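Remember, it's a predicted structure, so these values are computed and weren't measured experimentally. Counting starts at 1 for both ligands and their atoms, following the listed order.
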Amino acid sequence: MPARDPEDIAALRAASDILGLDGLLSADEIATRDRVRAFVDAEIRPHIADWFGRGHFPVELARAFGGLGVLGMNLDGYGCPGGSAVEYGLAALELEAGDSGLRTFVSVQGSLAMGSIHRWGSEQQKQEWLPRMARGEVIGSFGLTEPGAGSDPSSMKTFASRDGQDWVLTGSKRWIGLAAIAQLTVVWAHTDDGVRGFIVPTDAPGFHITVLEPKLSMRASVQTELHFDDVRVPASALLPGARGLRGPFSALNDARYGIVWGALGAARDSYEAALRYALAREQFDRPIAAFQLTQQKLVNMVVELQKGALLALHLGRLKDAGAITPAQISLGKLNNVREAIAIAREARTILGGNGVLIEHSPIRHAANLESVRTYEGTDEVHTLILGEHLTGIGAFR
Ligand SMILES: Cc1cc2nc3c(=O)[nH]c(=O)nc-3n(C[C@H](O)[C@H](O)[C@H](O)COP(=O)(O)OP(=O)(O)OC[C@H]3O[C@@H](n4cnc5c(N)ncnc54)[C@H](O)[C@@H]3O)c2cc1C
């Protein structure tokens with residue numbers, strides 16, 4: 001067999017689908033994937049190194065994502081695209097092949113903010129916000145984590161108290177994606193009636209936002225710290241359906257599901273960068289792809305990529321059948337993010353010294369995936385969820 005052409009991406013990609021997993025997708029699913037892939041190639045890939053280097057999120061992408069139909073992608077009605085969970089997963093994968101920060105935008109907007117309103121909001125709240133959010137005209141954020149409450153959100157201190165018909169919020173949130181560019185935040189707070197969710201306009205008096213920077217991960221993305229200094233909202237801001245931590249956790253489960261797929265995109269892009277480099281780069285009078293040690297690295301990457309894709313697709317089919325469980329999502333998130341980081345780091349080694357330059361994607365993906373392994377439940381939290389599932393013994397405390 002002649003050496004593969006590093007510029008023939010389609011052939012390289014086809015060769016890496018050893019199990020023929022594309023054959024498990026419907027024509028519609030492949031069309032959705034290809035549409036998002038083409039968008040990423042045209043609109044994200046040429047600019048991402050610059051955005052990442054400058055720590056810039058191009059806010060105009062919000063409407064472009066709306067036009068692409070990836071905001072609230074698997075939600076029905078209210079102007080939402082109404083796609084399947086598998087289509088949403090394929091889109092997450094292609095977006096994260098561009099950059100985790102851009103997939104994070106779609107997750108925060110679609111799964112966390114829109115998902116909370118769609119599942120727990122009143123009819124009026126859904127009609128008011130969801131169509132504009134699906135078009136990317138309104139940006140939403142999701143405030144659960146606090147400076148002192150991360151893995152244990154039940155220890156949150158933010159409190160909403162009743163004052164006549166209004167609610168008054170006090171407290172802080174930390175690591176809240178998009179809030180500085182958003183029009184609303186879904187804020188989770190303790191009340192006398194347990195944890196409740198509120199749709200809070202980001203320009204409300206007493207709502208203070210500080211961007212967290214500089215970061216060494218997720219640089220093409222915005223995270224913030226929020227302070228609520230007696231922020232007053234009307235009774236209509238309360239999400240009527242959400243009571244207790246089930247409210248935020250249901251949205252987190254959807255976002256975690258997207259990560260199961262998304263992380264594979266960062267890993268695939270890292271693998272492809274390494275493969276193309278290995279075919280083009282010569283040392284000791286041969287392409288470095290000709291060395292057994294390099295081939296072993298590439299093979300190990302593809303073995304995990306293929307297993308991860310099978311896992312993601314299985315979970316997607318379960319989700320579309322309404323049969324997915326939180327433990328299954330934990331297994332997928334834990335495995336696929338862990339393997340994606342390993343792949344991105346291994347890919348970087350194949351690029352040698354050039355691999356630390358921002359123009360090559362693996363080191364950027366590896367840095368981003370440090371955030372991905374931390375948010376939506378750390379490796380340790382998902383291990384404990386699975387440990388409790390296996391033993392029946394909770395080991396969180
Ligand atoms: C880029 C980024 C974007 C984010 N976006 C959002 C957002 O939009 N909205 C939002 O609400 N939050 C967001 N987060 C917050 C994220 O969900 C938290 O960082 C995460 O839940 C972990 O909380 P923490 O950072 O406070 O770490 P901690 O909870 O303090 O954990 C620190 C370490 O201790 C470990 N640990 C904690 N408890 C246990 C235990 N019982 N057993 C063993 N180990 C334990 C953890 O696994 C971790 O390794 C974001 C975070 C990042 C980095």
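- The shortest N/O to N/O separation between L144 and ligand 1 falls below 3.5 Å.
- Ligand 1 has no N or O atom lying under 3.5 Å from any N or O atom of R174, backbone or side chain.
- Surrounding CD of E60 are more than 12 heavy atoms belonging to other residues, nucleotides or ligands, all under 6.0 Å away.
- Heavy atoms only, all atoms of each residue included: A327 and L386 are closest at O-CD2, 3.3 Å.
- The residue from Y375, W175, F142 that puts a heavy atom closest to atom 5 (N) of ligand 1 is W175.
- Inside a 4.0 Å radius of atom 39 (C) of ligand 1 there is not any protein heavy atom.
- Looking at every heavy atom in both residues, A344 comes nearest to P362 through O-CB, 3.6 Å.
- L90 and V372 fall into different hydrophobic clusters, where Ile, Leu, Val, Met, Phe, Trp and Tyr side chains are chained together by heavy-atom contacts under 4.5 Å.
- Contact annotation for atom 23 (O) of ligand 1: protein present (non-hydrogen atoms, distance under 4.0 Å).
- Close approach of ligand 1 to F396 (heavy-atom distance below 4.0 Å) involves ligand atoms 41 (N).
- Screening residues 210-230 for salt bridge (charged side-chain N to carboxylate O under 4.0 Å, His left out), with sequence neighbours left out, gives R174-E225.
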Notebook entry, point to check: Step by step, would you call E96 with L369 a side-chain contact (heavy atoms from CB on, under 4.5 Å)?
Noted result: CA-CA 10 Å; E96 198 149 351; L369 287 164; 4.0 Å; yes
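- Looking only at heavy atoms of the protein, atom 31 (O) of ligand 1 is closest to S151 OG, 3.7 Å.
- Connectivity analysis of hydrophobic side chains (ILVMFWY, heavy atoms under 4.5 Å, direct or indirect) links I176 to W167, L169, V187, F198, V200, F207, I209, L226, F228, V231, V233, L238.
- Within the listing of ligand 1, atoms 40 (C), 41 (N), 42 (N) sit less than 4.0 angstrom from a heavy atom of L384.
- On a distance-only criterion, G143 and ligand 1 share no N/O pair closer than 3.5 Å.
- When each atom of ligand 1 is checked for a heavy atom of Q223 under 4.0 Å away, the hits are 1 (C), 2 (C), 3 (C).
- For the residue pair T104/S221, the side-chain donor-acceptor check at 3.5 Å is not satisfied.
- The protein heavy atom nearest to atom 45 (C) of ligand 1 is E380 CB, 4.4 Å.
- For atom 35 (C) of ligand 1, no protein heavy-atom neighbour is found at a distance under 4.0 Å.
- Inspection of the T378 and E380 side chains reveals an N or O donor paired with an N or O acceptor under 3.5 Å.
- One option in A251, G150, A395 has a heavy atom closer to atom 26 (O) of ligand 1 than any other, and that option is G150.
- Shown here, atom 15 (C) of ligand 1 is in close reach of the protein: a heavy atom of it lies under 4.0 Å off.
- There is a protein heavy atom less than 4.0 angstrom from atom 7 (C) of ligand 1.
- Some N or O of T145 is nearer than 3.5 Å to an N or O of ligand 1, by distance alone.
- Nearest to atom 20 (C) of ligand 1 by heavy-atom distance, out of T374, D152, V222, is T374.
- Atom CZ of R246 sits in a sparse spot, with 12 or fewer heavy atoms from other residues, nucleotides or ligands closer than 6.0 Å.
- Checked against a 3.5 angstrom limit, the closest N/O atoms of V108 and ligand 1 fall outside it.
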